[in-house]
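Just below is one structure, and these are the notes that go with it.
Note that this is a predicted model, so its numbers are computed, not measured. Naming convention: chains lettered A, B, ... in sequence-line order (proteins, then strands); numbering from 1 in each chain. Heavy atoms only: backbone and side chains are in, while hydrogens, waters and symmetry mates are out.
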Amino acid sequence: VRRLFLLAARLLVVASAFACWELATRAAASPYFLPPSTIVTTMYDRWFSGPAGHLWLTPDATANLLPSLGRMLGGWAAASLTGIALGIAIGRLRVLAYLTEPIVHFGRAIPAPTLVPVFLFLFRIGTPMEVATIVFGVIWPVLLNTIDGARHVDPLHVETARAFRLGPGQRLLRIVLPTAAPKIFAGLRLALSLALVMMVISEFVGSTDGIGREMLMAQSDFDVSVMWAVIILLGLLGVVLNAVFGLLEHRTLAWQRGTRPTA
Amino acid sequence: MTSVTPRVCLGVLGIAAVFGGTELALWAAGVNPAVFPPPSTMITSAASLLTNQSFVAAVGSTMAAWAEAMAITVAIAVPLGTVLGMLPWVESVVRPVVEFLRPIPSVVLFPLLLLIVQDDLRTEVVVIVFAAVWPVLINTVYGFREVDPEAKETLRSFGFGPLAVAYRVSLPSAAPFIATGIRIAASLAFVVAIAVELIGVGLSGLGAFAGQEQSGSNAIDVMLAVAIWSGIIGLALNAVFVTAERQAFRWHQALSGGIA
């Protein structure tokens with residue numbers, strides 16, 4: 001009953017937040033602050049009123065939203081794989097950890113936006129430059145979390161596996177990766193929300209398509225409703241990505257609950 | 001506790017290996033230094049930036065925007081987080097709104113805000129605040145929620161009023177979490193400041209300096225030197241906040257960590 005009450009209260013707050021927003025913007029009739037109904041209509045007309053065969057996506061959506069999503073997820077996946085592979089190696093080999101420690105810490109401290117001009121110089125405008133920005137921007141949380149997770153594997157578990165003559169590959173798959181998984185997932189989640197930010201930044205600076213590009217076009221046209229639509233779309237995208245990832249994490253780590261307290 | 005010496009030696013060796021390796025590889029492959037400069041050239045360019053008036057001014061304006069945004073962030077997020085942390089039911093009701101606002105990349109607000117505010121620098125500060133507010137807010141809420149109820153009860157039973165309890169128990173126990181949130185926000189604010197400067201046309205600062213270098217003289221070594229200096233400033237900022245936390249909260253055990 002308490003849960004139901006809370007849910008009702010939340011729905012009420014969200015609904016009244018929307019109602020206030022709608023009423024306030026209608027009353028103010030400002031050219032800059034638009035009512036949510038106008039924004040939703042713009043979003044629908046622009047992106048989601050296409051034919052059912054195209055999953056209701058309009059040509060504008062397939063030309064801009066899909067490339068953005070592709071670059072973002074592609075960059076995230078590339079950074080994740082590299083980060084996990086490097087992180088396991090660094091976390092398991094103490095010599096490697098000492099060798100790379102200063103470099104990793106310095107690399108993490110470099111703000112990815114300062115490298116955008118460098119990537120722009122090396123790759124020109126286009127997808128490679130955007131993916132490079134995303135990869136550099138999001139690899140650090142994955143790398144650092146994986147190092148941390150792989151380093152703190154119980155030596156007893158590794159020794160036991162050795163006693164049972166499990167090879168290095170088996171030990172990696174059955175002992176190291178599962179133990180480090182919660183940390184790795186925490187890094188992946190952080191990296192995913194960062195990838196959204198990096199995608200927007202890279203598209204603002206140099207792109208021929210994408211959500212960021214749409215924002216810039218809307219800015220030069222003074223099209224306030226499209227600008228709002230892009231902002232709301234990115235907020236929704238963030239919520240959806242986070243929810244999907246949470247579901248994935250929940251399923252993958254289901255065996256963990258109960259065996260140990262979650263840190 | 002492992003000994004420190006081999007760790008430091010290997011660390012220095014690692015840096016030397018990466019520098020030497022890159023230098024050698026670029027030389028062996030015959031890469032034109034104008035396309036990708038060897039590390040030695042990057043270092044020389046980074047050193048010469050120190051005497052470059054416009055670079056020093058760029059660092060100054062980035063840090064000024066950063067400082068102003070951090071002050072505003074703390075002034076908004078700490079009181080708000082305190083209220084939400086002390087009233088859990090308000091927090092659980094407001095959470096959906098926060099969960100929707102938080103993932104919006106703050107940089108995307110820049111074009112719209114610029115149209116409304118009509119002032120580049122004001123807009124930059126607002127965009128930084130929008131990004132930096134979340135870690136401070138969430139860590140503050142968490143800190144106040146984690147206050148030991150027995151400590152509060154004890155003080156209450158001695159006849160202290162709610163304000164005294166808040167001041168003597170809740171605030172000291174939440175303070176380390178707030179500090180962690182501020183440290184995370186400080187690094188984030190620095191990155192967002194550079195991103196906004198890169199995008200905004202009428203702005204000065206590190207991001208604008210790097211962007212102008214790209215569109216103007218096209219000197220790759222200077223662009224990389226700017227990145228190196230930004231990394232050093234980022235490290236220094238983090239070090240300052242970590243040291244301040246250690247000094248202020250020696251008594252607190254859960255120093256590391258925090259919620260990003």
_Side chain / backbone / both / neither for B/Phe190 at chain A, heavy atoms under 4.5 Å_ = side chain
_Portion of B/Ile199 that has a non-hydrogen atom of chain A nearer than 4.5 angstrom_ = side chain
*Contacting region of A/Val230 [heavy-atom separation from chain B under 4.5 Å]*: side chain
*Which pair of non-hydrogen atoms, one from B/Ser230 and one from B/Leu206, has the smallest distance, and what is that distance?*
OG-CD1, 4.0 Å
*What part of B/Phe36 lies closer than 4.5 angstrom to a heavy atom of chain A: side chain, backbone, both or neither?*
side chain
*Could you look at B/Val108 and say if it's the side chain, the backbone, both or neither that has a heavy atom under 4.5 Å from chain A?*
both
*Greatest number of heavy atom pairs closer than 4.5 Å to chain B - which of A/Tyr32, A/Trp228, A/Phe204, A/Phe222*: A/Phe204
*Would B/Ile184 and B/Phe241 satisfy side chain to side chain contact (heavy atoms under 4.5 Å, CB included), going step by step from the backbone distance to the final call?*
CA-CA 9 Å; B/Ile184 295 168; B/Phe241 278 86; over 6 Å; no
_Within this structure, what is the CZ-CZ distance for the pair A/Arg151 and A/Arg94, rounded to the nearest 0.5 Å?_
8.0 Å
_Let's test your reading of the structure: which of B/Val35, B/Asn238, B/Val97, B/Val18 forms the most heavy-atom pairs below 4.5 Å with chain A?_
B/Val35
_Side-chain heavy atoms of A/Gln219 within contact of A/Met227, under 4.5 Å_ = yes
*asked:* For the CG atom of A/Leu86 and the OG1 atom of A/Thr100, what is their distance to the nearest 0.5 Å?
replied: 9.0 Å
*Look at the side chain of A/Ser68 and the backbone N and O of A/Ile211, then say whether any donor-acceptor pair between them is shorter than 3.5 Å.*
yes
*Among the options B/Ile15, B/Val8, B/Val192, pick out the one with the most heavy-atom pairs lying under 4.5 Å from chain A.*
B/Ile15
*Is it the backbone or the side chain of A/Val239 that comes under 4.5 Å from a heavy atom of chain B, or both, or neither?*
both
*Answer with side chain, backbone, both or neither: which region of A/Val197 has an atom nearer than 4.5 Å to a non-hydrogen atom of chain B?*
both
_Option in A/Leu236, A/Val14, A/Val205, A/Leu12 with maximal non-hydrogen atom pairs under 4.5 Å from chain B_ = A/Leu236
*Between B/Val226, B/Ile220, B/Leu13, which residue shows the highest count of heavy-atom pairs closer than 4.5 Å to chain A?*
B/Ile220
*Looking at A/Ala9, A/Ala109, A/Gly238, A/Pro141, which one has more heavy-atom pairs under 4.5 Å with chain B than the rest?*
A/Ala109
*Residue selection (most heavy-atom pairs with chain B, distance under 4.5 Å) from A/Leu194, A/Leu7, A/Ile110*: A/Ile110
*Which one, B/Pro103, B/Pro111, B/Gly14, B/Gly234, leads in non-hydrogen pairs under 4.5 Å with chain A?*
B/Pro111
*Counting only heavy atoms closer than 4.5 Å, note whether A/Ile232 contacts chain B via side chain, backbone, both or neither.*
both
*Side chain / backbone / both / neither for B/Leu237 at chain A, heavy atoms under 4.5 Å*: neither
*Test side chain to side chain contact (heavy atoms under 4.5 Å, CB included) on A/Leu192 and A/Asn242 and set out the steps.*
CA-CA 8 Å; A/Leu192 189 59; A/Asn242 214 16; 5.8 Å; no
_Determine whether a donor-acceptor pair (N or O, by modelled atom type, separation under 3.5 Å) exists between the side chain of A/Ser202 and the backbone of A/Thr133._
no
_Options A/Leu234, A/Ile231, A/Val95, ranked by heavy-atom pairs under 4.5 Å with chain B, top entry_ = A/Ile231
*Heavy-atom proximity to chain A below 4.5 Å, by part of B/Ile232*: both
*Return the orientation label for the A/Phe185 and A/Phe245 ring planes: parallel under 30°, perpendicular over 60°, tilted otherwise.*
tilted
*Could you grab the distance from atom CG of B/Leu115 to atom CZ of B/Phe110, nearest 0.5 Å is fine?*
11.0 Å
*So, A/Arg71 and A/Glu130, do they make that salt bridge, N to O below 4.0 Å?*
yes
*CD1/B/Ile128 to CD1/B/Ile194 distance, rounded to the nearest 0.5 angstrom?*
10.0 Å
*Using a cut-off of under 4.5 Å for heavy-atom pairs, which of A/Val13, A/Val118, A/Leu237 has the most such pairs with chain B?*
A/Val118
